Every structure is written in C-alpha cells, then in structure tokens.
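Not measured: the values here are computed from a predicted model.
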Amino acid sequence: MTTRVIIVDDQAMVRAGFAALLAAQSDIDVVGDAPDGVQGVELSRRTHPDVVLMDVRMPEMDGLEAARQLLDPPTGVVHRPKVLMLTTFDVDDYVYEALRAGASGFLLKDAPPADLISAVRVVAAGEALLAPSVTRRLIADFARQRPAPRKDRASLRLNGLTPRETEVLELIARGLSNQEIAESLVLAEQTVKTHIGRVLAKLELRDRAQAVIFAYESGLVSPGAN
C-alpha cells in the first residue's frame, strides 16, 4: 500500500530535497508541497494525503495553526491526515502544543535520510514518532517548562486504568517502543498493543504522542526521570 505525503515548508530547497528522497521509495508517493500553512491546509484538503510533513515556523500561517486545522477540521471535512512536525534543535512550545493538538510526533530537519523515510512509514502506520532518545529529551524539556501537573481531573482519569495499564502508560511516556515495553514487562508484543489501545480509549487520547503529554501533565512521569 502506498503512503501519500505532502510537504509543507517555507524553504524551497527543503521541500525539493525531501520530495526527491521520499519519491524514490516504492511505497511513498509525494502528492504535493506548499510554502506556508495556509496553502498547506488547502493542499491537504484537496489531495487527502496520509501524512503531512509540517514545518513549525512559516509565514502566513505557522505549522502549529495549520496542524490544528488539519487535526480538528470544521464540520463537513472528514479527512484527517497524520501530521509530522519538522523542526530544528531550537524547539519550543510550538512543537509541544502541536503534539497536544494531535500531531504524531516531530523530526529534526537535519536527521539522516533513512530517519526521514522511517518516520513517514512509522507515522503512516499509526504510531507516534517518540522512540529516539533525542525526542524523549525534547518531550521532557517541554514538560519541564509547563505549569505544575494538573492532578485533579487527570488523576481521576488515571484512576480508571488498571495497574498494568498504568505501567504501560509510564513506559510509553519514557519513549519505549512496543517491543521494548514487551521485554520490560515480560509480555507478548500483541498484549502490549492491546494494553495501549485500552489506555488510549480510557483516557480519550488520539495516539501515543498525546499519551506522553498526558503522563507528564498528570504527574505520572517526572521530567528528566530515568
């Protein structure tokens, strides 16, 4: 099955480079690109991509607002692509807020080509791009800059999880993959997937990215903890 991708970035060289790299893959089809968020949203509505590579900082409309519009579309718009944010090392709350809005993760612009290709495939498959250690550090940095954990409503929602589901949520927040969680808890990987599905359903979260944010904001996981 071919994954349809669009690239939204204000730098023409970035768009061209990413497009050439991805289009060379037999399972990826680049169906368009746009230089800003406004045109990116319009292009997505028209081409219905599976994955949108979205730059954080752009003119006209930044990546955060564009991601919000794609992930929380107006009445009558049913298409909701996966959104993968593109950023540099000087990340800030833009990316954090994008994850809260439902983006599936983020990728550093200077990541190796193989990482970009893998990221598109991972996100298209419904996973969140949160495994690399650099991503775990960045997520923790976002959480550290946030207000104190909201332990009232969040704690009530946590109480609805079983002890095993709570363990799984904590390991998700630490950036472990399904396989790593399975090894840590001595479970079958399929069992881990089942637990993750139940966690997301009970907490009313879209995906693993939002699960990570929830775990930090609820106080289940402390920033910088091992």
Please report the interatomic distance [atom1]([X]) to [atom2]([Y]), rounded to the nearest 0.5 Å.
X    : Y    : atom1 : atom2 : value
N178 : L187 : CG    : CG    : 11.5 Å
I181 : L176 : CD1   : CG    : 5.5 Å
R15  : I7   : CZ    : CD1   : 9.0 Å
R174 : S184 : CZ    : OG    : 10.0 Å
D62  : D55  : CG    : CG    : 9.5 Å
H195 : L185 : NE2   : CG    : 8.0 Å

Would you indicate whether the side-chain heavy atoms of [Y] and [X] approach each other to under 4.5 Å?
X    : Y    : value
V77  : R45  : yes
K109 : Q11  : yes
L169 : F214 : yes
T47  : R4   : yes
V52  : V8   : yes
L158 : K202 : no
L64  : V56  : no
I196 : I172 : yes

Locate the shortest heavy-atom distance separating [X] from [Y]; write the atom from each residue and the value.
X    : Y   : value
A103 : M85 : CB-CG, 4.1 Å
F106 : T87 : CD1-CG2, 4.0 Å
A66  : M54 : CB-CE, 3.5 Å
P81  : L70 : CD-O, 4.0 Å
P35  : P59 : O-CD, 4.3 Å
V38  : E60 : CG2-CB, 4.1 Å

Under 3.5 Å: donor-acceptor pair, side chain of [X], backbone of [Y]:
X    : Y    : value
D36  : Q39  : yes
T166 : T162 : yes
E180 : S177 : yes
Q25  : L21  : yes

> What's the verdict on side chain to side chain contact (heavy atoms under 4.5 Å, CB included) for S44 and I6, showing C-alpha distance, side-chain angles and the deciding distance?
Replying inline: CA-CA 7 Å; S44 179; I6 67 171; 3.9 Å; yes
> Which pairs, with at least one residue in residues 73-83 and sequence neighbours excluded, count as a side-chain hydrogen bond (donor to acceptor under 3.5 Å, both in side chains)?
Replying inline: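 For residues 73-83: none.
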> side chain to side chain contact (heavy atoms under 4.5 Å, CB included) between L161 and L203: does it pass, once the steps are laid out?
Replying inline: CA-CA 8 Å; L161 301 181; L203 298 179; 4.2 Å; yes
> Which residues pass the salt bridge (charged side-chain N to carboxylate O under 4.0 Å, His left out) test with R121, sequence neighbours left out?
Replying inline: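 By the salt bridge (charged side-chain N to carboxylate O under 4.0 Å, His left out) rule, R121 matches D27.
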> With sequence neighbours left out, what residues match R68 under salt bridge (charged side-chain N to carboxylate O under 4.0 Å, His left out)?
Replying inline: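 Testing R68 for salt bridge (charged side-chain N to carboxylate O under 4.0 Å, His left out), a comparison that skips the adjacent residues, returns E65.
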> Would D29 and T3 satisfy side chain to side chain contact (heavy atoms under 4.5 Å, CB included), going step by step from the backbone distance to the final call?
Replying inline: CA-CA 6 Å; D29 184 13; T3 297; over 6 Å; no
>> Please determine whether side chain to side chain contact (heavy atoms under 4.5 Å, CB included) holds for the pair V83 and V51, giving the CA-CA distance in whole Å, both sets of side-chain angles, and the decisive distance to 0.1 Å.
In response: CA-CA 6 Å; V83 176; V51 177; over 6 Å; no
